[in-house]
Amino acid sequence: MSDKSKSANGNNTDADEPLSSRCDPASYEPKWIKYWEDNKIFSKHPSASPEKFCIVIPPPNVTGSLHMGHALNTTLQDALVRFNHLNGRDALWIPGMDHAGIATQNVVEKRLREEGTDRHALGREKFVERVWEWKNQYHDNIKGQLEKMGASVDWSRERFTLDAQCSLAVRTAFKQLFDEGLIYQDYRIINWCPRCKTALSDIEVEYVEEDSFFYHIKYPVKDSDEFLEIATTRPETLLGDAAVAIHPNDERYTHLHGKICILPLVNREIPIITETYVDMEFGTGALKITPAHDPNDFTIGRAHGLPEYVMLTEDGHITADYPAYAGMDRFVARKKIIEDLKAAGLFIKQEPYKHSVGHCYRCSVSVEPYISLQWFVKMKELAAPAMQAVRDGRTRFVPERWAGVYLDWLENIRDWCISRQLWWGHRVPVWDCKDCGTRSSSIEDLHKCPKCDSENLSMQEDVLDTWFSSGLWPLSTLGWPDKTDDLKLYYPTSVLVTGFDIIFFWVARMMFFGLKFGGDVPFRDVFIHGIVRDETGKKMSKSSGNVIDPLKIIDIYGADAMRFTFLYLGSLGQDVNVSEDRFKTGRNFCNKLWNTARFILMMAPDAPRKSIKELDQSVLELKDRWILARYSAVIKQTGDLMASYDLNEAAQGVYSFLWHDFCDWYIELVKRPIREATPEAAAAMKAILHHILRGTLVMLHPFIPFITEEIWSSLPGTEDSILEAGWPEVDWKSDEESVARIEFLQEIVRGIRDVRAALKVPPAKKVAVAMLTHGDKEKIKTLEEASGFISDMAAVEGITVEKPLGEGVRAMSAISAGVEIFIHYEVEMSEEEIARLMKKEKQALNDIQYCENKLGDEKFISKAPREIIEKERAKLAGMMEDLKKIKDRLAFLGANGK
RNA sequence: GGGCGGGUAGUUCAGUGGGAGAACGCUUGCUUCACACGCAAGAGGUCGUGGGUUCGAAACCCACCUCGCCCACCA
């Protein structure tokens, strides 16, 4: 073990202690967290590298703890950051958290309720103090979780959306928008959560289809015995009705133009108005107008100058204006009103009806369209450049389809309601002078009216939508509005990694704020990943009871195992389904890597650190040239895939190389020769083992940082973190010939193993093998040169090539890769062999038929590309050859090959 | 009403024009001196359905079925 790991872990000072046969993440993961932190590995910014790579973290809410979605998000970002670092870039990842206005206020209020009190009893100041306490506690919790996942964030630059820098950014942005007239206050209908008692923006409402009723009610026409039949899903709102609207062309109602209705139960006289908005086909064609409680009615009401009767209180009860129902909950009132209508003979019928009802995205209570005084951001002017930037490709979505979602939304965007009737958040930085009436926005707290110098000022009570400060995140994390070096160096950031669920909430807002205040897009790429679901594909949620705690997975399998599993299973932009058991995929892989390293260190504890180019080329054999060629190909491939965000393919590629090429074949091939070869050849093999192990560790480091550090530190001559090792060089030419020859040999070995398994030859028992190619010189050459390969890999002793079996020699044959292979055995088993050969024969006949048909098709020959035709011909020739050998053997065995 | 994504092995999913792949699970055999969290050999798929384009379709086009998601001022 190197000095650094000893210093990082006071418990393990025995340098001679070999790696244990099971990798135990708990024994080293904490050590590396501490090492990274103590050595400020992630905080050396700006670094000397002129190439900058920067990610700002999607700040987790300080409401609680991180879930699987965060774990996936963190894994992807960390892999990108470490990859870029390894590739020599100045890779900066800025962490932080979000104050999460409503969400956090809700959890603290819930806590207060449990204590038998509420925020009003505490008062604003004390309450906000309580929330800060909560924030501090959960901040530490979340920070610890990010560390445990191995997040390579630069904690020295941590931000909180409510800290001084963010506050400055919020006030600066607000004041500028206010002064430019892009922020305004108005008395309008907004979405109101009666439980949170605050306004919500349009996208903070979640619509859920619900079974409800369509209620038909009679509205008596004044001075007549006629009734107008209206249909509504919300009968209780009739208390606030200001009119009934009909379509001007609706002949059923022409005679009612200009008449008055008597509002049932309330006895208010309301006009019958004509409106083209009304759909004659829908319902009864008569629409009750409740301007204060329905967005459409609001618009119609304003157009017709109707009064806006507010019939609900802030918490969803009937106002005192309607004594019969005053103080009643809205849903209770609905029932009561229907009863009363029935009693009055004004109720006609109710029909089952499905419609979607809006719910608060934070507390799920159904929201009320509610008229109130709120602050808004004018969106049209801000949205235009944000759309243009994506159309121009200045910001690119990965996968691309999300650009459409983003653009659609911005195209149809409406003004953004930014005021919230909460206490936790950035207070709207606007002051009114009580003397001269001047209203001003200010960055500093205002103590004096700028116009009349009066100190009699009042600040707005409301706070801002939490997404207002989140929208400034890429700017505020880099120091805006100050003109910092960070801003110059790292803005625009390289990529934003997030889930599709916050494209509107967050991505779009950062885009238009970034363009408005930062003068450029906030990030070049937006990498949208899927969400983590349970093994049946259901969303994880507390109420479904199917959540898996990332910390639990880390405890059981280790952070690397969790990370690798996400990467291995989650393909680009798709959701990833997991169960606890599934994380074994990553655990097993880490264990494989661990044992690979352990074995290499046992076989070659002090390998020469010669570069591969310096090796004596003459001692290299086919297997060596093959693995070096494969290794170089994987380096190239992995780098390309990472650069295009295909982390899944990248991880699978390295996995398959390490496990199947390197371990299953190369290491197995080296085991015997490394002891028996000349010192030069053995040294070369050892050098190759170390070379590839090192490079593979580096390639895997972005995915599984802990175990790669741990193994790296055990290798001779490693002083620094593996993060400083640099991405492996492609140092070997591609070598198709070696690859093809090894693949041929692998097929031969599999053929022999297949027969061995069929004959139930014990694995340790060596068998003699004779191989006939019937004169194929290339094959003969390869087989002769590689007899060691075959004997090592298939437990063979005594190989002959191109020497027919003598009379009376018992053998079972296999046909593989165009070679007839005879495995000597003592027992008479021709029945079994015949069965196997006949099965193969049938298959070969099928395949040949198919191939011949194809090649006999004139259209195919005339239209298909030449190389495809050649390939088909070669394939057919090979199969014919195999078939002939099968038939001959069957004939020899006395079975009549058909 | 509009849009998007999925339907491929028992399961979870890769696979954008040349005879279907992985991981897990399953069967069989192995305490082969790195790893049983392992090794080896296997079984397992009319690639949702129906048309079309093409010499050739799991892939491209159209329609439909089905599951999921998003958007919309669905009284």
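As the structure is a computational prediction, the values presented were derived from the model and not from experiment. In what follows, every chain begins at residue 1, and chains take the letters A, B, ... in the order their sequences are listed.
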Given [N], is OP1 or OP2 found less than 4.0 Å from the side-chain N or O atoms of [X]?
| X | N | result |
| --- | --- | --- |
| Arg753(A) | A41(B) | yes |
| Trp402(A) | G3(B) | no |
| Lys863(A) | G17(B) | no |
| Lys671(A) | A34(B) | yes |
| Asn591(A) | G38(B) | no |
| Asn588(A) | C35(B) | no |
| His355(A) | A72(B) | no |
| Lys859(A) | C55(B) | no |

Could you tell me how far [M] sits from [N] if I compare only their [atom1] atoms? Round to whole Å.
| N | M | atom1 | result |
| --- | --- | --- | --- |
| G19(B) | C55(B) | C1' | 15 Å |
| C39(B) | U31(B) | C1' | 12 Å |
| G44(B) | U49(B) | C1' | 23 Å |
| A34(B) | A40(B) | P | 14 Å |
| U8(B) | G21(B) | C1' | 10 Å |
| G52(B) | A14(B) | C1' | 28 Å |
| G10(B) | U27(B) | C1' | 13 Å |

For [X] and [N], what is the distance between atoms [atom1] and [atom2] respectively, to the nearest whole Å?
| X | N | atom1 | atom2 | value |
| --- | --- | --- | --- | --- |
| Tyr207(A) | A72(B) | OH | C1' | 9 Å |
| His529(A) | G5(B) | NE2 | P | 18 Å |
| Arg587(A) | C35(B) | CZ | C1' | 12 Å |
| Asn577(A) | G68(B) | CG | C1' | 11 Å |
| Asp575(A) | C67(B) | CG | P | 18 Å |
| Ile674(A) | A34(B) | CD1 | C1' | 13 Å |
| Phe397(A) | C4(B) | CZ | C1' | 14 Å |
| Phe500(A) | C71(B) | CZ | C1' | 13 Å |

Which nucleotide in the set [options] lies at the smallest distance from any side-chain heavy atom of [X]?
| X | options | answer |
| --- | --- | --- |
| Asn595(A) | C35(B), A14(B), A23(B) | C35(B) |
| Cys851(A) | A75(B), A14(B), G19(B) | G19(B) |
| Arg598(A) | G19(B), G38(B), C35(B) | C35(B) |
| Pro865(A) | C55(B), C35(B), A14(B) | C55(B) |
| Pro763(A) | C30(B), C71(B), A23(B) | C30(B) |
| Arg582(A) | G38(B), U11(B), C39(B) | U11(B) |
| Lys592(A) | C4(B), A34(B), G18(B) | A34(B) |
| Tyr353(A) | G18(B), A75(B), C35(B) | A75(B) |
| Lys760(A) | A14(B), U28(B), C37(B) | U28(B) |
| Val278(A) | A75(B), A22(B), C70(B) | A75(B) |

Could you tell me whether [X] and [Y] have a side-chain N and a carboxylate O separated by less than 4.0 Å?
| X | Y | result |
| --- | --- | --- |
| Asp857(A) | Lys859(A) | no |
| Glu872(A) | Lys875(A) | yes |
| Lys854(A) | Glu852(A) | no |
| Lys671(A) | Asp792(A) | no |
| Glu676(A) | Arg672(A) | yes |
| Glu236(A) | Arg334(A) | yes |
| Glu229(A) | Arg252(A) | no |

If you look at every strand shown and take non-hydrogen atoms under 4.0 Å, does Tyr277(A) touch a base, only sugar-phosphate, or nothing? base
* Is Asp664(A) touching bases, backbone alone, or none of the nucleic acid, heavy atoms closer than 4.0 Å? -> sugar-phosphate
The residue, Val761(A) or Thr585(A), whose nearest nucleotide of RNA chain B is more 5′ is Thr585(A)
All stems that RNA chain B takes part in, i.e. 3 or more consecutive Watson-Crick or G-U pairs with distances under 3.5 Å, are B:1-7 with B:65-71, B:10-13 with B:21-24, B:26-30 with B:38-42, B:48-52 with B:60-64
What one should report as the nearest heavy-atom pair of Pro25(A) and Tyr557(A) is CG-O, 3.5 Å
Looking only at heavy atoms, the pair that brings Trp409(A) and Arg509(A) closest together is CH2-NE, 4.3 Å
I'd like to know if Glu275(A) reaches the base of A75(B) with its side chain, counting only an N/O donor and acceptor under 3.5 Å.
no
Should the side chain of Lys584(A) and the base of C37(B) be counted as holding a donor-acceptor pair, with the cut-off at 3.5 Å? no
Q. Is the charged tip of Arg188(A) near the ring of Phe376(A): under 6.0 Å from the six-membered ring centre and within 45° of its axis?
A. yes
**Prompt:** Do Gln849(A) and Asn853(A) get their side chains close enough for a donor-acceptor pair, meaning under 3.5 Å?
**Reply:** yes
